[in-house]
Amino acid sequence: VATAAPASEPLRRFLQVARGAGLKVSAAEGIDAARALDLVGFEDRTVLRDSLGLVLAKTPEEKAAYEEVFDIYFKRDEFAGGQDAIEDEAPGSDQDPFSSPANGAGGDGMGGQGGQSLGSLLASDDRATLATAMEQAAREAGIENIRFFTQKNLYARRILDRMGLRALERDMEAMRQTGTPEGLGRAQFLDGKVEALRDSVRDFVERNLLLFAKGDTEKFREELLKSARFSNLERRDLDRMRVLVRQMAKKLAARYAKTRRRRLRGQLDTRRTLRRNMGWGGIPFITVWKQKRIEKPRVMVLCDVSGSVAAMAQFLLMFMYAINEALSDIRSFAFAGSLIEVSEILEKQPVEEAITRIMSMIGYGSSNYGNSFADFEDGWMRHVTNKTTVIILGDARGNRTDPRTDVIGRLSQRSKRIIWLNPEYRSAWGTGDSDMYRYAPFCGLVTVCNTLRHLERTITDILEAAA
Amino acid sequence: VGSKGRRPFAGPGRARRLTFRHGDAIRILNSSLEPDVNDALPLGGAPLRSIDVVEQGLGEAGYIANRQISTAIYMAHHLQKPILVEGPAGVGKTELAKSVASWLKLPLIRMQCYEGLDESKALYEWKYGKQLLYTQILKDKINSVIGDADDLATALDKLHSFGDVFFSHQFLEPRPLLRSLQEPGGSVLLIDEIDKSDQEFEAFLLEILSDYQVTIPEIGTVGAIVPPIVLLTSNSTRDLGDALKRRCLHLHIGFPDDKLEAKIIASRVPGIDARLLKQLVSFAQQLRALDLKKVPSVSETIDWAKIMLLLHTTVLEVDLVRDTLNVLLKFEADIEVAGKQLAGLTHKARQEAGVT
């Protein structure tokens with residue numbers, strides 16, 4: 001039973017479209033879809049929709065996306081309605097005056113319609129055949145490759161050309177040239193029909209753009225955002241960035257969330273072995289080996305929230321709180337002129353709101369690193385243990401105040417390690433009032449960090465280091 | 001046999017002869033012995049002929065299914081895939097499995113998942129006690145077998161020639177998963193609240209979900225006699241792995257609309273007055289629209305309906321609702337929120353049911 005039915009052409013295209021809409025459809029699921037289709041057939045749309053939905057969409061979000069894309073994809077009533085008004089005005093639609101003159105000229109690009117010209121199709125108002133012709137012309141024009149909305153007119157034009165519009169236009173011009181009332185009338189009648197055709201083709205292209213291009217453009221945009229500098233982000237991208245941050249964080253958290261143990265080979269844990277085998281009178285049926293726990297990292301984050309670093313701080317904090325479950329303990333501090341602890345605010349409120357609040361409390365001032373570090377030493381230095389990783393985020397520009405490297409020195413001795421994330425490029429370090437190179441000797445890692453990618457790399461590094 | 005071969009219209013007897021899959025030999029053997037049982041088999045094809053039949057059958061078992069649910073059961077049988085059922089608590093996920101089992105007259109094997117569930121509780125365990133006891137009882141026999149051996153090597157050789165007597169089927173304690181595979185007439189396996197188990201356990205389930213078989217290191221691979229119908233339920237307390245989802249059909253059951261809910265309650269609480277029913281449903285639906293910590297589930301509405309029936313109520317009164325609100329709402333804060341709007345909610349419920 002497990003043999004796969006070959007995916008039929010419409011299904012294959014639908015799967016492609018579904019993937020574009022953000023559904024994760026694996027090859028195995030594709031095969032299941034083909035088997036489901038085999039079982040229920042195309043006849044009943046609702047059954048088909050339910051069945052494929054069971055196989056393809058596996059979360060509530062995916063279900064919604066799936067239903068949307070299913071409806072767009074299987075909507076094939078291009079020519080139903082909307083043209084009835086024109087139809088009524090049709091003079092003498094029972095006779096077909098264009099069949100003989102247009103047939104020869106209209107032949108270019110009309111391969112699939114059995115020699116019927118576009119003019120006669122329009123005049124006879126054969127919607128089903130028109131729809132088929134359009135579908136075929138679209139396939140020939142390669143509609144699947146449409147990616148950008150700027151290509152809409154191009155593709156519409158190509159489809160119309162393939163349907164034989166140019167020849168028809170030539171014919172209509174010829175009719176007008178005759179000057180007879182009959183010829184003019186027919187030309188006018190056809191004008192209306194052609195306008196309607198243009199509209200439906202444009203609609204059709206637009207729908208296909210939605211189908212085929214949405215996924216790709218989104219993906220493209222996301223890739224771009226991942227390597228865009230935080231300070232260059234536009235306001236409208238922020239939401240999408242938040243989603244991306246959560247996705248990345250979720251991935252990392254899933255990988256590192258568990259307390260891991262590393263088994264030490266060949267060292268018997270006598271106490272546990274005896275306990276475990278008590279039921280058999282202490283005869284060691286089951287052996288227990290000694291193992292080493294791998295601790296989750298304990299993190300303290302110090303964020304400069306002044307000026308240009310602020311955007312970066314927001315994402316760092318968001319990231320850190322999203323991987324909460326992979327950390328055993330996280331405390332966060334914000335500083336500009338002085339330093340305060342902000343853990344509580346961040347735990348109680350969603351990060352976005354919390355950040356705005358923190359900013360209003362302390363942000364946007366001119367920074368004083370020395371002062372802030374001194375604050376930290378007074379208030380929280382005693383909580384730093386040799387298991388604590390300290391992350392400092394800042395450009396190290398203290399406006400020519402005393403950098404207090406001595407505090408960082410002591411912090412470095414107490415903590416497991418200090419990681420300094422600097423949103424400035426390396427070439428700018430040490431220029432002007434930057435104290436980066438004065439702090440650097442005390443830090444285990446100093447790195448440029450101004451895009452989402454940098455952020456991910458650094459945090460992976462922190463989680464790895466705990467192992 | 002393609003999937004088409006098992007489709008509609010072949011009579012039950014004919015279908016049985018046409019459909020061959022693994023485990024068939026045993027089933028045919030059984031069918032000659034106990035024909036009545038065999039007629040209830042889902043895999044004979046007859047009860048799961050079409051989606052309509054499924055819907056009707058579930059209805060007879062007391063489960064009012066919408067089209068999607070019946071489609072899922074139909075597909076699960078024909079594609080031989082497990083169904084992962086997700087949705088809020090109390091919409092009848094577990095009930096679905098029970099109803100399928102009672103409709104098809106198959107045994108329901110239920111495995112409740114929890115943190116720390118491992119294979120010794122889910123799949124099989126060795127009967128240690130029995131093994132020890134038998135070694136003691138058989139001590140003399142073992143002595144007589146190896147007693148005349150001159151040295152250790154010969155004794156060992158002799159022991160080996162007996163094979164793994166103590167690690168055979170007799171000493172195996174089957175747990176739910178293994179039992180569901182060994183049911184000769186097929187079964188409905190319910191893996192309840194899979195999201196409560198650990199991630200490792202999820203990975204462990206993959207083999208049984210995709211191939212209907214499990215591997216026991218000491219014995220080998222055990223395949224299903226008749227592939228069971230498998231339902232997994234989840235409340236989405238954590239995201240399940242992609243590998244698991246890929247192997248399952250995914251069914252999302254949400255709260256029913258008012259018409260369906262009325263039908264469900266009517267089937268569960270027979271004898272309830274139609275007008276009272278309308279009021280109850282309307283009230284529950286309104287509660288779900290409020291901003292509550294936990295909205296009332298269908299099972300809670302059913303309980304409430306039963307209470308109203310006991311109290312011989314015909315019209316919802318504010319005081320009565322206030323007194324019985326703790327059946328629907330389980331948090332003090334929620335009761336407080338709803339309590340403030342009680343008069344309005346009751347009034348609207350009465351209005352919608354046409355009761356003045």
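Here is how names work: the chains are called A, B, and so on, in the same order as the sequence lines, proteins then strands, and each is numbered from 1.
Exactly one of B/Arg246, B/Arg247, B/Lys81 qualifies for a side-chain hydrogen bond (donor to acceptor under 3.5 Å, both in side chains) with A/Asp32. That residue is B/Lys81.
Interface remark: B/Gln68 contributes backbone and side-chain atoms alike to the contact with chain A (heavy atom separation under 4.5 Å). Residue contact with chain A, scored on non-hydrogen atoms closer than 4.5 Å, is absent for B/Asp198. Heavy-atom distances place both the backbone and the side chain of B/Leu251 under 4.5 Å from chain A.
No more than 12 heavy atoms of other residues, nucleotides or ligands lie within 6.0 Å of NZ in A/Lys24, so this atom counts as exposed by the packing criterion. Counting heavy atoms of neighbouring residues, nucleotides and ligands inside a 6.0 Å radius, atom CD of B/Glu173 exceeds 12 of them. Remark: B/Arg175 CZ is packed, more than 12 non-hydrogen atoms of other residues, nucleotides or ligands lying under 6.0 Å away. Residue B/Phe255 places its CZ atom among more than 12 non-hydrogen atoms of other residues, nucleotides or ligands, all under 6.0 Å distant. By the 6.0 Å contact criterion, CZ on A/Arg276 is open, its count of non-hydrogen atoms from other residues, nucleotides or ligands being 12 or less. In this structure, B/Lys130 places its NZ atom where more than 12 heavy-atom neighbours from other residues, nucleotides or ligands lie under 6.0 Å away.
B/Leu79 CG to A/Asp38 CG: the interatomic distance, rounded to the nearest 0.5 Å, is 9.5 Å.
Considering all non-hydrogen atoms of both residues, A/Leu54 and B/Ala72 come closest at CD1-CA, 3.3 Å.
No donor-acceptor pair under 3.5 Å is formed between the side chain of A/Lys58 and the backbone N or O of B/Leu84. Side chain of A/Lys63 to backbone of B/His250: a donor-acceptor contact under 3.5 angstrom is found.
A 4.5 Å side-chain heavy-atom check between A/Thr59 and B/Lys245 finds at least one atom pair inside the cut-off. Side-chain contact between B/Met75 and A/Val55 is present, with heavy atoms from C-beta onward closer than 4.5 Å.
A salt bridge does not link A/Asp50 with B/Arg67: none of the charged nitrogens is closer than 4.0 Å to a carboxylate oxygen.
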